[in-house]
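All figures in this text were calculated on a predicted structure; none of them were measured in a lab.
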Amino acid sequence: MKDIFQGLNSRQREAVEATEGRIRVVAGAGTGKTKALTHRYAYIVNVLGIDPANILCLTFTNKAAAEMRARISEMVQSGDYNDFVCTLHGFCVKFLRQEIYRLGFPKTFTVLDEEDAKAIAKQTMDEMGIKRTEKTVRQFLEAVGAEKALNGYIQAYMLPGCIITDQMRRTSRLAGYVSRQMKHYALDFDDLMNITKYILDRFPEAADKWQNALNYIMVDEAQDCNLDDWDLVERLSARHRNLFVVGDPDQAIYEWRGARPEMFVNFAADRTIVLDENYRSTPRILDVANCVIANNRNRIPKDLFTRKAEGKAVIHFHGRSEKEEMEWVVSQIRMLLGSGAAINDIAILYRSAHQSRAIEQELLAARLEYTIWGGTRFFERREIKDALSYLRLVSNQDDDLSFERIINVPSRKLGRKFLDAVREAAARRGISLYSALQLEFPGKADSFISLIEDAKQFARENRVSDLLNRLLENSLYKRMVREDQDEDRLENLDELLSSIRFYESTRTPDESTLADYLQDIALYTNDDHRRETPTLKLMTIHQAKGLEFPHVFVIGLSEGTFPNMRTIREGKKNGEEEERRLMYVAITRAEKGLYLTESEGFNMATKTAKYPSRFLAEIRRELVVTEGVITPELWKGTRSLSHVLDEEMEPGRAVRLSEDFEAERSEYQSPFKVGDTVRHPVFGEGVILSANRDFTSFEVRFDNGSTRTLRAGFLSQADLPE
């Protein structure tokens, strides 16, 4: 067995030995929190002599739980750990196997996965006469989950003696859904948590049993717990009060899934231990991370440090175009490979999935192997293939593959039998499916034929980008995606249009015809590159959580894209802080090299010119080496656009940029800055709290406590004392 204290620093050892009471460990990125958790488990078993059956160690993924069990097994006697090292839902299953008999269920109940839940939803919707589409099934399940959150459904529908009538099944989605669950004694993920809490509430003997048994409870990634998760662990730890929570509010990036990081920030701890020694990144990378995250308010202050060598400088590259940005990324990758780096040591991160398009095209052109981590390549996404199929059919009516893909997308109510008849006619006459539809089925799909024929005419005189925009609108495809409320798919379609416009801008009209474009794009959509070899990793920052790479590129750092404009508008201040935490997570994935890139051009998200992200402006200039020419006007644009977004988020809020940029206020032709003491002829002396985007008016708090927003011409510098 390993020595429990081997390799621990003083803070980690403090966490391992802090076994009694409510302990909060604030564990920064790369500070060895998993080591602290697993060594603490071994300490409780080997030194305190606690039976593993009395220890509950919770985490969020089965992968993390498996890693913990593997590490623990190296430090304790064989058998001195059990399956109470698990996820929250995994614990609920173990609890219910022992306790659900109290509700008349067999302990062999079934747990529904996502596809099972969809199948039950579809059956229920059919009985209720509700139209079934991907969108309506998803909305149906969301509505059922919202109703289950009220918790009255257990005693109404799931206890012995409950009756669900045919009328209830036909009129209540919840009743219909639960009645089908009950036929198989099947529980979905919502039920696992809800029924566990129900039993703890209603059966004191069950609560006593589990509260007594669980002497020690440990929770990993506690910043990602939602209210139900917190409620459960607080109940289970009520007897012994030995609750050990580990997390990092600076890495809380799942508020959109219900996480409540403020619960960790406000946790009533007997002791708080901060792990701030980082073992992953160089000091230069950590300085950049600390500089950005310091701008958040909802956090527990800490600065990561490391004993590693200083390492190479963090680089910020500014390109004059997106293509130049991506070419620079590829050139840096080639330099890294030339200096001995392995291709799978490199990751390219971006805020949203649609941003992969530009870098994918450049990597394919450069013949560099890459893998989309946890996602789909841009040109393989459904909406992109649909859009290109429309273009291909307009270009070539003999393209049966494209015809098959889009003839009923969006739905034109052309059933399987009808389409079989079209195929039969095409085979009999030796013609394409589109020709068969035109010749043998007049009146059956006139709107579709008119759409394609109109597009053929339009394509003769107009650009490809305008043609695609017309097709997406006239086919009602874009309306379908909007009605599905799928913002990611809309962003992907906008990105495709943007890429076509760029394609057109680099070629003459004769070189950018529909046929030319489709021929060129085929080079980016072929599958020749699919081989099992080490590759670059491309992923969203959400998918990068928990991973680390020697060299990391964070691309597309434009205001409105990252931070994401929609997140700020919907989440207000919380949205901005979560976006900044995402930036912090992205930065702290890097071990040796960090490259931050953005470029000029048109931003589809903001419908304005592209400006560098506020997160770049928050970094002190001496912490990065800037490549490319960034004019003062671009930084002025950053300030202006971020001010517009922030005014929507929180009127009167000052834009917080680094002191370097405050020092450049002369660009705004103003003698004042935030924090100056000024004088007004009526209101007297006051302090400037914030400025508008052009530094022409200022919010001032006066000595009597009143606040006014005043134009610069009515203020003067106050006489300062000697």
> Do F562 and Y350 have ring centres separated by under 6.0 Å?
Replying inline: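 Judged by ring-centre distance (under 6.0 Å), F562 and Y350 do not meet the cut-off.
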> Are the aromatic ring centres of F105 and Y185 under 6.0 angstrom apart?
Replying inline: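 Yes: the rings meet the under 6.0 Å criterion.
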> Which atom names give the shortest non-hydrogen contact between I217 and V233, and what distance separates them?
Replying inline: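 That would be CD1-O, 4.4 Å.
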>> Which heavy atom of Y477 sits nearest to which heavy atom of D386, and what is that distance?
In response: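 Result for this residue pair: OH-OD2, 2.6 Å.
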In terms of side-chain heavy atoms, does [X] have a donor or acceptor partner in [Y] at a distance below 3.5 Å?
X: S435; Y: S432; result: yes
X: Q98; Y: W210; result: no
X: Y153; Y: D191; result: yes
X: E360; Y: Y370; result: yes
X: Q223; Y: D248; result: no
X: Y434; Y: D398; result: no
X: T124; Y: E127; result: no

Does the pair [X]/[Y] count as a salt bridge with the N-to-O cut at 4.0 Å?
X: E491; Y: R566; result: yes
X: D494; Y: K478; result: yes
X: R428; Y: E440; result: yes
X: R423; Y: D400; result: no
X: R581; Y: E255; result: yes
X: K107; Y: E99; result: no
X: R235; Y: D231; result: yes
X: D224; Y: R260; result: no
X: E473; Y: R479; result: no
X: K573; Y: E576; result: yes

> Which distance, rounded to the nearest 0.5 Å, do you find between the CG of L88 and the SG of C225?
Replying inline: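 The SG atom of C225 is 6.0 Å from CG of L88, to the nearest 0.5 Å.
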Under 3.5 Å, is there a donor-acceptor pair between the side chain of [X] and the main chain of [Y]?
X: E147; Y: L174; value: no
X: R412; Y: I407; value: yes
X: R69; Y: V85; value: yes

> Do other residues, nucleotides or ligands put more than 12 heavy atoms under 6.0 Å from the CZ atom of F189?
Replying inline: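 At most 12 heavy atoms, drawn from other residues, nucleotides or ligands, come within 6.0 Å of this atom.
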> Counting only heavy atoms not in K607, do more than 12 fall under 6.0 Å of its NZ?
Replying inline: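 Enclosed.
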Report yes if some heavy atom in the side chain of [X] is under 4.5 Å from a heavy atom in the side chain of [Y]; otherwise report no.
X: F109; Y: I100; result: yes
X: M68; Y: C57; result: yes
X: K118; Y: Q123; result: no

